[in-house]
Amino acid sequence: MANPLRFLIVDGYPSDSRDELERAGMKLAWRLYLDMVRRLVPDAAHALWLPSDTAELPDGLGPEHYAAVLWTGCNLTIYHHGDERVQRQIALCRRAYEVGTPQF
């Protein structure tokens, strides 16, 4: 049996923003993406990275270990130049580009 596709889902929303969304009864962005992956590629594996919570990538794996990086978006932007949470996301995006991992 072949290894299943493995996707890295990146949800950059800060924890306070995720809490607000949940209090409003909304489904978190990473869960929406996971639902989509499970519907379209039922055998796929996934890892979740919350860069606003931690600098460490899941399982210590870089983007070269994933079939694709799925970016959910968030309420932080590249214009938050000095924000380390944003810088972590930019660094991952660059690294994924350099190693040729598709990103959506």
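Throughout, numbering of the chain's residues begins at 1 and tracks the sequence.
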Q: So which heavy atom on Y66 is nearest to which on A47, and how close?
A: OH-CB, 3.7 Å

Q: Report whether Y33 and V37 are members of the same hydrophobic cluster (ILVMFWY, side-chain heavy atoms less than 4.5 Å apart, transitive linking).
A: yes

Q: Would you say the side chain of P14 lies within less than 4.5 Å of the side chain of N75, judging by non-hydrogen atoms?
A: yes

Q: May I ask whether F104 and Y13 are part of the same hydrophobic cluster, defined by side-chain heavy atoms of I, L, V, M, F, W, Y residues being less than 4.5 angstrom apart, directly or through others?
A: yes

Q: So, do T101 and R95 sit near enough that their side-chain heavy atoms are less than 4.5 Å apart?
A: no

Q: How close do W49 and P51 get, counting heavy atoms only, and between which atoms?
A: O-CD, 3.2 Å

Q: Could you state the interatomic distance from CD (Q89) to CZ (R94), rounded to the nearest 0.5 Å?
A: 13.0 Å

Q: Specify the closest pair of heavy atoms between H46 and R38, including all atoms of both residues, with the distance to one decimal.
A: CE1-NH2, 3.9 Å

Q: Please confirm whether the backbone N or O of L50 pairs with a side-chain atom of W30, one donor and one acceptor, at under 3.5 Å?
A: no

Q: So for atom CE, which belongs to M26, do other residues, nucleotides or ligands contribute more than 12 heavy atoms lying within a distance under 6.0 Å?
A: no

Q: Are the charged groups of R88 and D53 less than 4.0 angstrom apart, N to O?
A: no

Q: May I ask you to decide whether E22 forms a salt bridge with R18, counting only side-chain N to carboxylate O separations under 4.0 Å?
A: no

Q: To the nearest 0.5 Å, tell me how far L70 CG sits from M36 CE.
A: 5.5 Å

Q: I need the minimum non-hydrogen distance between L57 and G62, along with the two atoms involved.
A: CD1-CA, 4.1 Å

Q: Over all heavy atoms of both residues, which pair between P102 and A67 is shortest? Give the atoms and the distance, please.
A: CD-O, 3.3 Å

Q: Is it the case that the side chain of T72 and the backbone of A29 share a donor-acceptor pair, with hydrogens and angles ignored and the cut-off at 3.5 Å?
A: no

Q: So L8 and P58, do their side chains get closer than 4.5 Å, heavy atoms only?
A: yes

Q: Heavy atoms only: give me the nearest C74-G12 pair and the separation to one decimal.
A: CB-C, 3.5 Å

Q: Can you list the steps and then say if F7 with V69 is a side-chain contact (heavy atoms from CB on, under 4.5 Å)?
A: CA-CA 6 Å; F7 296 99; V69 177; over 6 Å; no

Q: I need the single residue from I9, L28, D11 that forms a side chain to side chain contact (heavy atoms under 4.5 Å, CB included) with L34. Which is it?
A: I9

Q: Would you say the side-chain atoms of Q103 pair up with the backbone N or O of C93, donor to acceptor, closer than 3.5 Å?
A: yes

Q: Show the numbers, then the answer: is there a side-chain contact (heavy atoms from CB on, under 4.5 Å) between W71 and L92?
A: CA-CA 11 Å; W71 296 91; L92 176 68; 3.9 Å; yes

Q: Do V10 and I78 belong together in a cluster built from hydrophobic side chains that touch within less than 4.5 Å?
A: no

Q: What I'd like to find out is whether the side chain of V86 reaches to under 4.5 Å of the side chain of T77, using heavy atoms alone.
A: no

Q: As a test of understanding, state which of H80, R85, Q87 forms a side chain to side chain donor-acceptor pair (under 3.5 Å) with D83.
A: R85

